[in-house]
2 protein chains.
Amino acid sequence: MKINELEPEKLEQAANMLKAIAHPMRIAILGHLDDGKKLTVTEIHELLNIEQSTTSHHLGILKDKGVLQSKREGKNTYYFLKHCSLSNIVDCVSKCTMG
Amino acid sequence: MKINELEPEKLEQAANMLKAIAHPMRIAILGHLDDGKKLTVTEIHELLNIEQSTTSHHLGILKDKGVLQSKREGKNTYYFLKHCSLSNIVDCVSKCTMG
DNA sequence: AATAATTATGCAAATATATAAATATATTCT
DNA sequence: AGAATATATTTATATATTTGCATAATTATT
């Protein structure tokens with residue numbers, strides 16, 4: 001029962017992290033970023049067939065809440081998981097929604 | 001990359017499940033429901049020191065989205081995890097917010 | 001320096017969510 | 001049936017989120 005030792009601010013932070021993930025498109029984004037993969041904004045916006053600005057928005061939210069990290073290389077910005085264990089969350093939820 | 005095989009409705013369902021969890025009080029509730037524990041509404045509302053109606057509301061959301069299950073026994077309703085692997089999500093997020 | 005390519009931001013309208021108070025429903029006990 | 005206990009629902013207000021468009025900012029190329 002580790003979470004109960006968390007102070008309210010840590011609870012809040014955990015909630016914000018999950019809230020960032022809890023969106024269909026953002027789950028889809030994370031689905032493409034397993035195994036340490038790094039993708040650019042354009043690659044993601046083409047993969048998922050969503051607007052560029054919308055894509056950037058979603059990536060910004062995921063980065064802001066500590067789910068993703070980014071690294072600029074020339075014209076491109078690569079996004080990737082900050083903690084690779086975060087893939088487990090997507091795995092777990094997708095398994096639980098299969099039944 | 002299992003999640004990418006999910007249809008949009010499944011993605012939506014996964015997002016709803018995570019959205020249900022992504023709230024400070026609801027994370028705290030789940031923190032008390034690990035290891036197959038079952039708790040009543042009153043127990044939770046006293047443990048967390050929140051309004052009865054608010055507690056019931058949060059539990060209703062968790063149940064509606066498939067995170068919890070409930071079982072009435074007399075005057076009491078016991079709530080517990082539907083898939084015990086869901087504890088991993090809380091564990092994972094709390095670990096990731098520690099650093 | 002002008003253009004193209006990539007990414008990020010500001011804005012606004014529609015939609016969704018949170019909270020608490022009041023009330024309703026369900027069950028047990030006398 | 002009536003009172004007490006436990007849980008659920010309704011309602012209203014406040015707040016937050018999503019989305020796409022328009023635009024700005026950054027970097028590379030010619």
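Numbers restart at 1 for each chain; the letters A, B, ... are given by sequence-line order, proteins then strands.
Nucleic acid contact for A:Thr40: sugar-phosphate only, since backbone atoms but no base atoms lie under 4.0 Å from a heavy atom of the residue. As judged by a 4.0 angstrom heavy-atom cut-off over every strand, A:Tyr78 is placed among residues making no nucleic acid contact. At a threshold of 4.0 angstrom between heavy atoms, the contacts of B:Thr77 are confined to the sugar-phosphate backbone, with no base atom among them.
One atom, CD of A:Glu73, and another, C1' of C:dA5, lie 16 Å apart when rounded to the nearest Å. B:Leu47 places its CG atom 16 Å from the C1' atom of D:dA6, with the value rounded to the nearest Å. Rounded to an integer number of Å, the gap from NZ of A:Lys38 to C1' of C:dT7 is 18 Å. In this structure, CG of A:Asn76 is placed 15 Å from C1' of D:dA25, rounded to the nearest angstrom. Atom CD in A:Gln52 sits roughly 15 Å away from atom P in D:dA25 (whole-Å rounding). Remark: P of C:dT6 and CG of A:Leu59 are 16 Å apart, rounded to the nearest angstrom. For the pair B:Arg72 CZ and D:dT5 C1', the interatomic distance rounds to 10 Å; values are reported in whole Å. Nucleotide D:dA6 holds its P atom 5 Å from the NZ atom of B:Lys75, rounded to whole Å.
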- Please step through side chain to side chain contact (heavy atoms under 4.5 Å, CB included) for the pair B:Asn16 and B:Gln13, ending with a clear verdict. CA-CA 5 Å; B:Asn16 283 335; B:Gln13 195 187 341; 5.6 Å; no
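For the pair A:Ile89 and A:Leu18, the minimum side-chain heavy-atom distance is below 4.5 Å.
Using five terminal pairs a side, the axes of the helix from C:dA1-D:dT30 to C:dT30-D:dA1 at its two ends make an angle of 20°, given in steps of 10 degrees.
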If you restrict it to nitrogen or oxygen atoms, what contacts under 3.5 Å exist between nucleotides 16-20 of chain D and the protein, and what is each distance?
unit_1, atom_1, unit_2, atom_2, d
D:dT18, OP1, A:Arg26, NH2, 3.2
D:dT19, OP2, A:His23, NE2, 3.1
D:dT19, OP2, A:His58, NE2, 3.0
D:dG20, OP2, A:Thr54, OG1, 2.9

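A donor-acceptor pair under 3.5 Å links the side-chain atoms of B:Arg26 to the main chain of B:Ala20, judged by distance alone. In this structure a side-chain-to-backbone donor-acceptor pair under 3.5 Å is present from A:Ser94 to A:Val90. A distance-only check finds no donor-acceptor pair linking the side chain of A:Glu46 to the backbone of A:Glu43 [under 3.5 Å]. In terms of modelled atom types and a separation under 3.5 Å, the side chain of A:Thr55 and the main chain of A:Glu51 share a donor-acceptor contact.
Taking the centre and axis of the six-membered ring of A:Phe80, the NZ or CZ atom of A:Lys38 falls inside the cone set by 45° and 6.0 Å.
Between the side chains of A:Lys10 and B:Thr97, no donor-acceptor pair of N or O atoms lies under 3.5 Å.
Cluster annotation: B:Met25 and A:Leu11 are assigned to the same hydrophobic cluster (Ile/Leu/Val/Met/Phe/Trp/Tyr, side-chain heavy-atom contacts under 4.5 Å, transitive).
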